[in-house]
Amino acid sequence: MHGNGRHQDSAGPRVVVGVSGSLGSLAALHRGVAEARERGAVLVPVLAWEPPGGELGYRRSPCPPLLAAVREAAEQRLNEALDAAFGGVDPGVAIRPVVIRGESGPALVHVADRADDLLVLGRSGGLLRRRLRRSVSAYCAKEAGCPVLTVPVPELLHDLEALHRRTRWHLPVGPAPELVAVKG
């Protein structure tokens, strides 16, 4: 594991949130803020990144400038996710963002290394992606030494996916059934 994952300097409680930029991780950020407020904890949003081609690919043909560019892009993605989640408004809790090199599940478990931490995760990716890659939430629930809270997928994401399926298959897209029921 590479990066600045361990934060021994902040002695108080922490709420560690896995961030990818997806709607699921943005929902997890909001839940993480609520949990941090309730506990008087520091919010630690974490974005894990890997070199293109993974660690094995990078060891075969290392390119430090490329690695620096990928790390910088990961930092930018985390900042953009925080801006998207909070819209530039102070969430009212201390935030210590972390960008760490490594696979998502192990990196999150590495950062959330205290028994009094709370690890908050959102669900992201479609069915195909979940089938191709191991589940970060399942890995963290099994391996973490602290409580793990998995935030359900936002309803908006279900609606967007349904709309996307209908448009992809050229099916009619009418008003939402709940709007029809309210008008009728």
In a check of side chain to side chain contact (heavy atoms under 4.5 Å, CB included) between C140 and each of T150, L119, V16, which one passes? L119

Partners passing side-chain hydrogen bond (donor to acceptor under 3.5 Å, both in side chains) against Q76 (at least two apart in sequence or in another chain): E80

For residues V93 and V42, determine if any side-chain heavy atom of one lies less than 4.5 Å from a side-chain heavy atom of the other. no

Verify the cluster assignment for V136 and V109: are they in a single hydrophobic cluster under the rule of side-chain heavy atoms below 4.5 Å apart? no

For residues R101 and Y58, determine if any side-chain heavy atom of one lies less than 4.5 Å from a side-chain heavy atom of the other. yes

Should we count CZ of R60 as having more than 12 external heavy atoms under 6.0 Å? no

Run the salt-bridge test on D116 and R39 with the 4.0 Å N-O cut-off and return the result as yes or no. no

W49 side chain reached by I100 side chain, heavy atoms, under 4.5 Å: no

Between E35 and L149, is any pair of side-chain heavy atoms under 4.5 Å apart? yes

Would you say that R14 contacts L118 through its side chain, given a criterion of any heavy-atom pair below 4.5 Å between the two side chains? no

Within the structure provided, determine whether L29 and P45 are in side-chain contact (heavy-atom separation under 4.5 Å). yes

Taking all atoms of both residues into account, what is the closest heavy-atom pair of A94 and R96, and its distance? CB-NH1, 3.9 Å

Test log, rule side-chain contact (heavy atoms from CB on, under 4.5 Å), inputs L121 and L108: CA-CA 10 Å; L121 305 168; L108 289 166; 3.5 Å; yes

What are the two closest non-hydrogen atoms of A84 and L26, and how far apart are they? CB-CD1, 4.2 Å

Starting from the C-alpha separation in whole Å, work towards a yes-or-no answer on salt bridge (charged side-chain N to carboxylate O under 4.0 Å, His left out) for E75 and R71. CA-CA 6 Å; E75 289 171 354; R71 178 181 171 74; 3.2 Å; yes

Report yes if some heavy atom in the side chain of V148 is under 4.5 Å from a heavy atom in the side chain of S137; otherwise report no. no

Could you check whether any side-chain heavy atom of P62 comes within less than 4.5 Å of a side-chain heavy atom of L67, counting everything from C-beta outward? no

Does atom CD (E143) have a neighbourhood of more than 12 heavy atoms from anything else shown, all under 6.0 Å? yes

Quick check: closest heavy atoms across V17 and G32, and the distance to 0.1 Å? CG2-CA, 4.0 Å

Minimum-distance pair of heavy atoms, taken over all atoms of C146 and R114: CB-O, 3.2 Å

Mind listing the closest non-hydrogen atom pair of A48 and G102 along with its distance? CB-O, 3.5 Å

Please name the pair of heavy atoms, one in A81 and one in V19, separated by the smallest distance, quoted to 0.1 Å. CB-CG1, 3.6 Å

